[in-house]
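Beneath this line is the structure, given in structure tokens, with notes to follow.
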Amino acid sequence: MASDNGLREGEVAVAPPPPTDAGLVFIGRIRTPWTSRSETPRQGRRDGPVCRIEIFEPWVAALKGLEQFEQVEVIYWLHQSRRDLVLQSPAHDTATRGTFALRSPVRPNPIGISTAALVAVEGATVLVRGLDCLDGTPLIDLKPDRCAFTPQAGD
Ligand code: SAM
């Protein structure tokens, strides 16, 4: 159970440097059925619901060719995360672990990555299964399945 300062037993928060602009632009918004962290899956599942990734202009043209892939990597900004924990005691875990030993959304730069099944590309919207983020989560990037770009012997 979390204490008044939001920390569970064993957790350690630090005073992080003020966030600075790393030059990221949010290129879209992810629409999912989940509006609270507690109801959001810890990791996306291929049999999960279809989620909608809405791409903003001027980036819609960048979707050209994406429809030929079966899997896409979706990279997003876990915008409701705190960013100051170095040790965490996850609710589903008996141990206290370092942030970099976890897939927790709580991290200095709260970037989430899911490999999702591509369902369809419909204009400025990409439909996928396999996400685990809140409705309205900002999108950082989309990339096709990395296996399709693995260098072959002799390349
Ligand atoms: N699949 C990604 C990864 O491994 O990088 C994210 C995994 S993270 C454990 C998923 C959890 O982050 C969800 O269960 C939810 O509790 C939390 N979460 C989802 N969207 C969030 C958001 N926009 N801001 C803060 N926390 C979020």
Side-chain angles (χ1 to χ4, degrees), residues 1-56 59 62-63 66 69-119 126-153 155:
M1 174 179 292
S3 62
D4 287 349
N5 60 8
L7 298 182
R8 298 192 184 97
E9 187 178 349
E11 290 189 331
V12 173
V14 296
T20 54
D21 182 357
L24 290 175
V25 287
F26 296 145
I27 57 159
R29 175 176 43 222
I30 304 176
R31 309 314 309 242
T32 74
W34 305 296
T35 55
S36 75
R37 273 176 278 186
S38 59
E39 66 182 317
T40 309
R42 288 214 302 271
Q43 289 294 337
R45 296 169 51 119
R46 293 309 172 83
D47 58 357
V50 173
C51 299
R52 300 169 62 82
I53 302 174
E54 299 169 354
I55 305 298
F56 301 150
W59 309 112
L63 293 172
L66 184 69
F69 294 93
E70 292 182 2
Q71 295 197 134
V72 286
E73 289 175 21
V74 185
I75 302 162
Y76 38 99
W77 189 254
L78 297 157
H79 64 312
Q80 291 190 16
S81 292
R82 63 187 293 171
R83 302 172 63 175
D84 61 344
L85 294 191
V86 288
L87 293 180
Q88 301 185 42
S89 306
H92 53 88
D93 196 339
T94 52
T96 296
R97 302 180 197 276
T99 290
F100 301 144
L102 292 166
R103 301 282 312 191
S104 163
V106 175
R107 40 208 328 114
N109 295 305
I111 292 170
I113 302 173
S114 288
T115 303
L118 181 63
V119 175
V126 181
L127 304 179
V128 300
R129 286 184 194 272
L131 291 184
D132 52 17
C133 59
L134 293 167
D135 187 43
T137 294
L139 179 70
I140 298 174
D141 205 356
L142 275 181
K143 302 186 190 194
D145 176 11
R146 76 185 75 182
C147 297
F149 293 94
T150 301
Q152 305 298 307
D155 281 358

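Since the structure is predicted, the reported quantities are computational estimates derived from the model, not experimental observations.
Side-chain N or O atoms of Arg46 include none that pairs as donor or acceptor with a backbone N or O of Gly130 at under 3.5 Å. Between the side chain of Arg107 and the backbone N or O of Leu102 there is at least one donor-acceptor pair closer than 3.5 Å. With Ser81 contributing its side chain and Pro105 its backbone, the two residues share a donor-acceptor pair below 3.5 Å. Formation of a donor-acceptor pair under 3.5 Å by the Arg82 side chain with backbone atoms of Ala13 is not found in this model. No donor-acceptor distance shorter than 3.5 angstrom exists from the side chain of Asn109 to the backbone of Ile111, with no hydrogens or angles considered. In this structure, Ser114 contributes its side chain and Leu131 its backbone to no donor-acceptor pair below 3.5 Å. Within the 3.5 Å criterion, the main-chain N or O of Thr32 finds a donor-acceptor partner in the side chain of Asp135.
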Legend entry - Leu118 vs Val126, side-chain contact (heavy atoms from CB on, under 4.5 Å): CA-CA, chis, key distance, verdict: CA-CA 8 Å; Leu118 181 63; Val126 181; 3.4 Å; yes
Legend entry - Phe26 vs Thr137, side-chain contact (heavy atoms from CB on, under 4.5 Å): CA-CA, chis, key distance, verdict: CA-CA 10 Å; Phe26 296 145; Thr137 294; over 6 Å; no
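With a 4.5 Å cut-off on side-chain heavy atoms, Pro108 and Phe100 count as touching. Proximity of Asp145 to Glu70: side-chain heavy atoms (C-beta onward) are nowhere separated by under 4.5 Å. Between Ile113 and Val74, every side-chain heavy-atom pair lies at or beyond the 4.5 Å cut-off. Considering only heavy atoms from C-beta on, Val72 stays 4.5 Å or farther from Ile53 through its side chain. Contact check for Trp77 versus Ile30: no side-chain heavy atoms found under the 4.5 Å cut-off. Residues Pro16 and Arg83 fail the side-chain proximity criterion, which asks for heavy atoms closer than 4.5 Å. A heavy-atom distance below 4.5 Å is not found between the side chains of Phe56 and Pro138. You'll find the side chain of Val12 stays beyond 4.5 Å of the side chain of Thr96, heavy atoms only.
In this structure, OG1 on Thr99 lies 8.5 Å from CD on Glu11, to the nearest 0.5 angstrom. Between the CH2 atom in Trp59 and the CG atom in Asp141 there is a gap of 10.5 Å [rounded to 0.5 Å]. Rounded to the nearest 0.5 Å, atoms SG (Cys133) and CZ (Arg31) are 10.5 Å apart. Here CZ of Arg129 is found 12.0 Å from CZ of Arg45. Values are rounded to the nearest 0.5 Å. Atom CG of Asp84 is separated from atom CG of Leu7 by 7.5 Å, given to the nearest 0.5 angstrom.
Scanning all heavy atoms of the two residues, the minimum distance from Gln88 to Ser104 falls at OE1-OG, 2.8 Å. Counting all heavy atoms, side chain and backbone alike, Gln43 lies closest to Arg103 at NE2-CB, 3.7 Å.
Partners of Glu73 under the side-chain hydrogen bond (donor to acceptor under 3.5 Å, both in side chains) rule, at least two apart in sequence or in another chain, are Arg146.
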